[in-house]
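First the structure, in the form of structure tokens, and then the observations on it.
Note: hydrogens, waters and symmetry copies are ignored here, and every other heavy atom, side chains too, is used. Below, chains carry the letters A, B, ... as their sequence lines are ordered, and counting in each starts from 1.
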Amino acid sequence: MSKEITSRADNYSEWYNDIVVKADLADHSAVRGCMVIKPYGYALWENMRDVLDKMFKDTGHVNAYFPLFVPKSLFEAEEKNAEGFAKECAVVTHYRLKTDPDNKGKLIVDPAARLEEELVVRPTSEAIIWNTYKGWIQSYRDLPLLINQWANVVRWEMRTRLFLRTAEFLWQEGHTAHATKQEAIEETTRMLDVYADFVENWMAVPVVKGVKTPNERFAGAEDTYCIEALMQDGKALQAGTSHFLGQNFAKAFEVKFSDKENKLDYVWATSWGVSTRLIGALIMAHSDDEGLVLPPRIAPIQVVIVPIYKGDEQKAAIDAKVKGEIIPALKAAGVTVKYDDNDNARPGWKFAEYEKKGVPVRIALGARDLDNNVAEVARRDTKEKNSYSLDGLPARIVALLDEIQQNIYKKARTFRDTHITRVDTWDEFVKTLDGKTGFVAAHWDGTGETEEKIKELTKATIRCIPLNNEQEAGKCVLTGNPSTQRVLFARAY
RNA sequence: CGGGAGGUAGUUCAGCCCGGUAGAAUACCUGGUUUGGGACCAGGGGGUCGCAGGUUCGAAUCCUGUCCUCCCGACCA
């Protein structure tokens, strides 16, 4: 039945690709490393975006839009940031094409149209934004400046995977300026909390909040906070980051403000972002060998209704019930519903199709059901089917959607919790990574050298130092040097 | 960027070694019968064989280049 989708056991990578393509989320494009997000996938992104956008606005942020291009001189102003991204920047060098004199009908880059200064296609927007903020901020009265933008960015990746790592992707980036260090740090953690709230309560993906080690930190940041999620194959995925940028960008772009005492000081900055990568996380956290499994709260279609009938008479009776009563009631209850009465496809085909696409609830309604005043309700997460009375059906569906949301979160949560393994020896460390997989909580001596060595030996990186981490004396799992706390290691996407 | 595999109908693939009028299944269209887990019968339409060169009387097939995809590495603040 599900022969179209490679099973996870057979080939996890292919399974992932199959889900993306066959659930109609996205396609490869003619451009290397770039994807086409299809309407169903984009609808999912729009739902995610709308929820996040509201959360940002509820925490005082406003949206704006900054240019795609960053002059190279601006880009290089904050040295560490520029260095960090240098290897993966697309660069615009010319502004004109012309007809190839040697090859009619073909175009070549016009060598006479070279730009005096190259333009970097933004891999992130700190540079252009801080250059702009310089003109917007004079006094403490202009602060805090709380701006977000929804945009595309380009990072020239060697190896790409739909949603997880593409050369161009969609995201939001928040860029804020504050009068005090304390306030900027509070903003950083506030937005981390917003991300965790969204990913756990809307996407139903449990996350660990933590801080990155200096090695894994955003280039140009003082501290990088992150939320880390665990995928079904036991690999970790960074689902969002929030950076405390200190005064690095303020200094690089000369952004000063006068405080109440009329003293000049550099402002304090944060930036934070989540991207279409979240869709990759969503897929790998919940989906199964039959296809996508979507949490009801962000599913583009929450309920699909499939009529089962013989002849026009039965169809008319079902139509009347569905269009006249069920759909209006569901819509009134805030449920997104699709009635698929397309006569070209048989019910069985539709069942398989909507399972593949991860629609949380399916209602099948036939003539027999009408006689009994019931409907067959199937849930995507457990594949259970039950008949429910048509009286009170909308309320039952609303409750069921909520149950599904809770259930898939719990399932992912249990998987995550049982895949955090405390280990104290190198032997266990390696065995856990290779066998059980998941997060390994181990002592680390705090040095970048040890972190590098472990990465080299096992391909595992320190995903984060969890927030409010328990302090506990121990010995580094690799070097045996003293350590004060355990950190989370994992192989990661 | 290295190593391997691949690109032929909307899709999955055969044909290529050994050059000679482009194939199957499925999807699609028309008509009919159907409809409770991927329906059936009959008829029909659809492909510059990724793209560009070359060899040849003749290229999906041989040669060169190039683009794209997949797998494994390297890379990934």
Any residue of residues 267-283 of chain A with a heavy atom less than 4.0 Å from an atom of RNA chain B: none
Work out how far the [atom1] atom of [N] is from that of [M], and round it to whole angstrom.
N	M	atom1	value
C40(B)	G3(B)	C1'	49 Å
U12(B)	G6(B)	C1'	14 Å
C72(B)	U66(B)	P	25 Å
G47(B)	C28(B)	C1'	14 Å
U26(B)	C18(B)	P	34 Å
A60(B)	U56(B)	C1'	16 Å
C49(B)	G15(B)	C1'	11 Å
U11(B)	G54(B)	P	30 Å

Go through [options] for me and flag the one nearest to the [X] side chain.
X	options	value
Glu157(A)	A74(B), C76(B), U35(B)	C76(B)
Ala352(A)	A39(B), C70(B), G38(B)	G38(B)
Ile308(A)	C70(B), G36(B), A74(B)	G36(B)

Qualifying residue, where the test is salt bridge (charged side-chain N to carboxylate O under 4.0 Å, His left out) with Glu228(A) and the options are Lys212(A), Lys209(A), Lys235(A): Lys212(A)
Sugar-phosphate, base or nothing in reach of Arg32(A), heavy atoms under 4.0 Å: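 Here Arg32(A) touches the backbone only, sparing every base.
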Whole-Å distance separating the [atom1] atom of [X] from the [atom2] atom of [N]:
X	N	atom1	atom2	value
Lys383(A)	G36(B)	NZ	P	20 Å
Lys87(A)	C75(B)	NZ	P	10 Å
Lys350(A)	G38(B)	NZ	P	14 Å
Asp24(A)	A27(B)	CG	C1'	14 Å
Asn17(A)	A5(B)	CG	P	20 Å

Under a 3.5 Å cut-off for both contacts, is [N] paired Watson-Crick or G-U wobble with anything, and if yes, with which nucleotide?
N	answer
A60(B)	none
G73(B)	C1(B)
U55(B)	none
G6(B)	C68(B)
U30(B)	A42(B)
A25(B)	U11(B)

Ring geometry between Tyr12(A) and Trp15(A) (parallel below 30°, tilted from 30 to 60°, perpendicular above 60°):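 Judged by the thresholds at 30° and 60°, the geometry between Trp15(A) and Tyr12(A) is tilted.
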Parallel, tilted or perpendicular: ring planes of His243(A) versus Phe218(A), cut at 30 and 60 degrees: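 The rings of His243(A) and Phe218(A) lie parallel, inter-plane angle below 30°.
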Under 4.0 Å protein heavy-atom contact, by nucleotide of nucleotides 44-52 of chain B - B base, S sugar-phosphate only: ---------
Heavy-atom neighbours of Trp150(A) CH2 exceed 12 at 6.0 Å: yes
Just by modelled atom types, is the [Y] backbone N or O under 3.5 Å from a matching donor or acceptor in the [X] side chain?
X	Y	result
Glu117(A)	Lys72(A)	yes
Thr461(A)	Arg463(A)	no
Asp288(A)	Gly291(A)	yes

Check this for me: does the side-chain of [X] come within 3.5 Å of the base of [N] through a donor and an acceptor?
X	N	answer
Arg362(A)	G37(B)	yes
Glu376(A)	G37(B)	no
Lys385(A)	G37(B)	yes

Short side-chain N/O contact from Arg159(A) to OP1 or OP2 of C72(B), under 4.0 Å: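 For C72(B), OP1/OP2 do have a side-chain N/O of Arg159(A) under 4.0 Å.
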Which residue lies more 5' along RNA chain B, comparing Asp343(A) with Glu353(A) via nearest heavy atoms: Asp343(A)
Residue whose nearest RNA chain B nucleotide is more 5′ - Ser13(A) or Ser29(A): Ser29(A)
NZ/NE/NH1/NH2 to OD/OE distance under 4.0 Å, Arg379(A) and Asp381(A):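 Salt bridge: yes.
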Modelled atom types, side-chain donor and acceptor of Asn11(A) and Glu14(A), under 3.5 Å: yes
Non-neighbouring partners of Thr213(A) that pass side chain to side chain donor-acceptor pair (under 3.5 Å), sequence neighbours left out: Glu451(A)
Distance flag, aromatic centroids of Phe249(A) and Tyr133(A), threshold under 6.0 Å: no
